[in-house]
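What follows is a set of notes on a single structure, which appears directly below.
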Amino acid sequence: MSQLRVRFAPSPTGYLHIGGARTALFNFLLARKEQGNFILRIEDTDVARSTQTSVDAILQAMDWLGLNYDEGPIYQSERFDLYRSKVQELVVAGKAYRCYCTPEELEQRREAAMKSGGKPKYDRTCLHRQDQPDDRPYAIRFLVPDGETAFVDRIKGTISFQNEELDDLIIQRSDGTPTYNFVVVIDDAEMGMTLVLRGDDHVNNTPRQILLYQALSYAVPEFAHVPMILGADKTRLSKRHGATSVMEYRVMGFLPEALVNYLARLGWSCGDEEIFSMEELIVKFDLDHVGRSAGVFNPEKLLWLNAHYIKTGDRQRLATLLKEYLGERGIETDGGPDLVGVVKSLQERSHTMVEMAEGAAFYFADKVDYLPEAVSKCCTPEAKAGYQTVLKHLSALDDFSHDAIAAAFNQAMSETGLKLGKLAPPVRVALNGTTTSPSVYEVLEVLGKERSLTRLRQGEALFAT
RNA sequence: GGUCCCUUCGUCUAGCGGUCAGGACAUCGGCCUUUCACGUCGGUAACGCGGGUUCGAUUCCCGCAGGGAUCACCA
């Protein structure tokens, strides 16, 4: 049994963004599907740009999405000794060499080469250098062998490069710290990765890394590169296109399962299916159906999915969430109507939890905030009699259930000869101050008799005589 | 510029030689209706171009065009 081992390796220089989340998700799904291991590794070799705040933000976002890992987080910054010894191993074997060229010199030569139409690759000046002084700063470069390097990408198919296109890349900086392309190989190899699933932008790094694996006598893992995510204008997804941070979506009232479902379907498909729970994804996800081309992030479809999950979600759980969203808006729910009832009345008409919270606010308000236009439109002198008839019948109810309320309205209708379209609007205004709300029957039921009647009696004053 | 990758409705995509090119979001109509939604029925809408291969190409091959990625002592 060959155990699948995959990893997600973000660099902690910011929050977890949509693209990274999808890469993490794909790795997670594969690991769970194959019953392999999912490792989280923090790529913080760039000490200057890495922060603990970012690490925390990434961990929090993964937790929210439900992407738990089996090993880690492993910090590369704690493994410098290992990297250094591996660099030495290559130097001793003659597969890497010291380079005394300064960044400034290299930059100059690059520019000169570009200007004369040549390739901006390292000219191997120091490969042929005779002296190797220890008292001068030097970086270590990997000596790229001649030939061709090819690999079979699990998503894109065979990809090959001529080694001469590759630079003798620096694997250790002059300050002694290792560079990305080197540590990623050491870690993926030492941690036993069997598949490296990552963003498309790493395709060009892959041949260099393969050469490194070979130079260090490591087994080369399989690779799979997922296409990037674009904004509506087909450019790389960025702040301009809206929220890119996973956690921003929670703030905006999205459910994690909606984001997971959306991200999974962005670039992957399973016939005509659109709705997938995490459990289904684990069973159905596969690399064979991951597309090769970049995809545009479509917020509207995500919104539709979110509405779907709100519509079909567990009311008790949504009630708990709603309480949080209301709390963030300064609305206290204790002592108010039953939250599950509130959720039930709003569930079908909310696309986000924020929307639900906004729609639920009136249930918990001490006094109704009347919208002037709603009052003038619905609480007309002609409507007053009908309103009072409704109020009379509702007052007489012992059982304030939906059905009983409906019966009360029916009585009022036959008594006044008015249709529900005439009777309901002013009641709605009295209850929530506007012309839009859940069904008035539901609102009355959720509010309960006492609160309802209080509001209805207050509402009598709305009618201009 | 070099190298590498990509190309089906507006968007996400199904398709793996013969389909009226399917689904979903969005959009446009109808229905439902106490408001707003939801739901429901239906419509509009796509194979980048040019060569091949083949009885037959969206599908296979080669060009072209257009996108994108990458060419750091960043990751």
Side-chain angles (χ1 to χ4, degrees), chain A residues 9-13 43-46 48-50 76 99 101-103 106-107 110 114 117-122 137-141 153 155-157 159-162 164-167 169-181 183-184 199-207 225 227-228 230 232 234-236 262 265-275 288-289 291-305 307 311 346-351 355 359 374 377-378 409 413 419-429 432 434-441:
Chain A
S11 61
T13 53
E43 310 241 316
D44 57 352
T45 53
D46 185 349
R49 296 201 304 155
S50 301
Q76 292 188 319
C99 176
C101 300
T102 65
L106 293 169
E107 186 54 37
R110 250 195 302 274
M114 290 278 249
K119 291 174 187 171
K121 69 181 263 200
Y122 184 58
Y138 59 86
I140 304 288
R141 279 182 190 276
D153 190 284
I155 292 172
K156 293 173 180 285
I159 299 177
S160 66
F161 294 82
Q162 292 302 318
E164 59 195 69
E165 298 298 335
L166 276 23
D167 222 333
L169 70 153
I170 286 176
I171 56 177
Q172 186 175 90
R173 303 184 182 91
S174 50
D175 67 1
T177 59
T179 57
Y180 169 74
N181 277 116
V183 299
V184 77
D200 207 327
D201 49 336
H202 288 286
V203 170
N204 291 298
N205 286 327
T206 307
H225 291 95
M228 57 186 278
L230 312 174
K234 306 253 189 179
T235 61
R236 187 187 218 116
Y262 180 72
R265 275 287 287 108
L266 213 200
W268 171 80
S269 62
C270 184
D272 284 345
E273 291 183 64
E274 294 288 349
I275 306 295
D288 294 338
H289 293 87
R292 301 109 300 171
S293 54
V296 174
F297 184 82
N298 185 345
E300 289 176 319
K301 188 159 184 178
L302 170 59
L303 194 62
W304 171 76
L305 276 167
K311 227 177 303 172
L346 260 5
Q347 193 165 33
E348 266 196 345
R349 63 200 78 228
S350 306
H351 295 88
E355 212 177 291
K377 183 183 174 198
C378 305
F409 269 85
M413 280 189 275
K419 294 199 167 189
L420 192 53
K422 290 291 176 192
L423 254 25
V427 173
R428 170 174 288 111
V429 173
N432 92 140
T434 74
T435 54
T436 64
S437 81
S439 145
V440 294
Y441 296 174

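So that the names make sense, note that chain A is the first sequence line, chain B the second, and so on, each numbered from 1. Heavy atoms only: backbone and side chains are in, while hydrogens, waters and symmetry mates are out.
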Where the side chain of A:D272 is concerned, which of B:rU7, B:rG22, B:rC4 is the nearest nucleotide?
B:rG22
Starting at OH of A:Y262 and ending at C1' of B:rA26, how long is that distance when rounded to a whole Å?
12 Å
Name the nucleic acid region contacted by A:G359, choosing base, sugar-phosphate or nothing; use a 4.0 angstrom heavy-atom cut-off, strictly under.
nothing
Partners of A:E107 by salt bridge (charged side-chain N to carboxylate O under 4.0 Å, His left out), sequence neighbours excluded?
A:R110
Given the C1' atoms of B:rU8 and B:rG30, what is the spacing between them in whole Å?
30 Å
So what does A:E43 touch, heavy atoms closer than 4.0 Å: a base, only the sugar-phosphate, or nothing?
sugar-phosphate
How many Å lie between CZ on A:R265 and P on B:rC12, as a whole number?
11 Å
When the distance from CG of A:N298 to P of B:rC25 is rounded to whole Å, what number comes out?
11 Å
In Watson-Crick or G-U wobble terms, with both distances under 3.5 Å, the base opposite B:rU58 is none
Is it the case that A:R428 and A:S437 place a side-chain donor and acceptor less than 3.5 Å from each other?
yes
Atom CG of A:L303 to atom C1' of B:rA24: distance rounded to whole Å?
15 Å
Under 4.0 Å, heavy atoms only, any strand: does A:T434 hit a base, just the sugar-phosphate, or nothing?
nothing
Assign A:N181 to base, sugar-phosphate, or nothing according to its heavy-atom contacts below 4.0 angstrom with the strands shown.
base
Note: A:L420 and A:P425 closest approach over all heavy atoms is O-CD, 3.8 Å
For nucleotides B:rC32 and B:rU40, find the distance between their P atoms and express it as a whole number of Å.
16 Å
Heavy-atom closest pair, residues A:D200 and A:P227:
OD2-CA, 3.1 Å
Excluding sequence neighbours, so at least two apart, what forms side chain to side chain donor-acceptor pair (under 3.5 Å) with A:Y441?
none
Could you check if a side-chain atom of A:D46 sits within less than 4.5 angstrom of a side-chain atom of A:Y180, using non-hydrogen atoms only?
no
Which letters describe nucleotides 27-50 of chain B, given B = protein heavy atom under 4.0 Å from base, S = only from sugar-phosphate, - = neither?
-------BBBBSS-----------
State, with a plain yes or no, whether a side-chain heavy atom of A:R236 is found less than 4.5 Å away from one of A:D201.
yes
Rounded distance in Å - CG (A:L166) to C1' (B:rC4):
11 Å
Mate of B:rA24 across any strand shown (Watson-Crick or G-U wobble, both atom pairs under 3.5 Å) is B:rU11
Expressed as a whole number of Å, how far does the C1' atom of B:rG63 sit from that of B:rC73?
41 Å
In this structure, how many angstroms lie between the C1' atom of B:rU58 and the CZ atom of A:R292, rounded?
13 Å
Has the side chain of A:S174 got a donor or acceptor that lies under 3.5 Å from a partner of the other kind on the base of B:rC73?
yes
When A:G291 and A:I159 are each assigned the nearest nucleotide of RNA chain B, the 5'-most assignment goes to A:I159
Strictly by Watson-Crick or wobble contacts shorter than 3.5 Å, is anything paired with B:rA69, and which nucleotide is it?
B:rU3
Distance check, P atoms only: B:rG29 and B:rC36, in whole angstrom units.
16 Å
Provide the distance between the two C1' atoms, one in B:rG66 and one in B:rG23, to the nearest whole Å.
28 Å
The criterion is salt bridge (charged side-chain N to carboxylate O under 4.0 Å, His left out); which residues satisfy it with A:K121, sequence neighbours excluded?
none
Under-4.0 Å side-chain N/O to phosphate OP1/OP2 contact, A:T45 with B:rA75
yes
Output the rounded distance in Å from CH2 (A:W268) to C1' (B:rU11).
19 Å
Pairwise C1' distance for B:rC4 and B:rC49, with rounding to whole Å
23 Å
Strictly by modelled atom types, are A:N432 and A:T434 linked by a side-chain donor-acceptor pair under 3.5 Å?
yes
Value in whole Å for how far the C1' atom of B:rU11 lies from CG of A:L302
13 Å
Counter-base of B:rU35, judged by Watson-Crick or G-U geometry with both distances under 3.5 Å
none
Under 4.5 Å between any side-chain heavy atoms of A:V203 and A:I159, yes or no?
yes
Please name the nucleotide paired to B:rG29 by Watson-Crick or G-U wobble geometry with both distances under 3.5 Å, or report none.
B:rC41
In the 5'-to-3' direction, what one-character label does each nucleotide of nucleotides 64-71 of chain B receive under the scheme B = base within less than 4.0 Å of a protein heavy atom, S = sugar-phosphate only, - = no such atom?
----SBS-
Could you measure between the two C1' atoms, the one in B:rU59 and the one in B:rU7, and give it in whole Å?
14 Å
In whole Å, what separates the P atom of B:rA75 from that of B:rC38?
48 Å
Return the nucleotide paired to B:rC16: Watson-Crick means purine N1 to pyrimidine N3 with N6-O4 or O6-N4, wobble means G-U with N1-O2 and O6-N3, both under 3.5 Å.
none
By nearest heavy atom, map A:Q172 and A:G157 onto RNA chain B; which one lands nearer the 5' end?
A:G157
A:Y122 vs A:C101 side-chain heavy atoms within contact, under 4.5 Å
yes
Can you name the salt bridge (charged side-chain N to carboxylate O under 4.0 Å, His left out) partners of A:E165, sequence neighbours left out?
A:K119
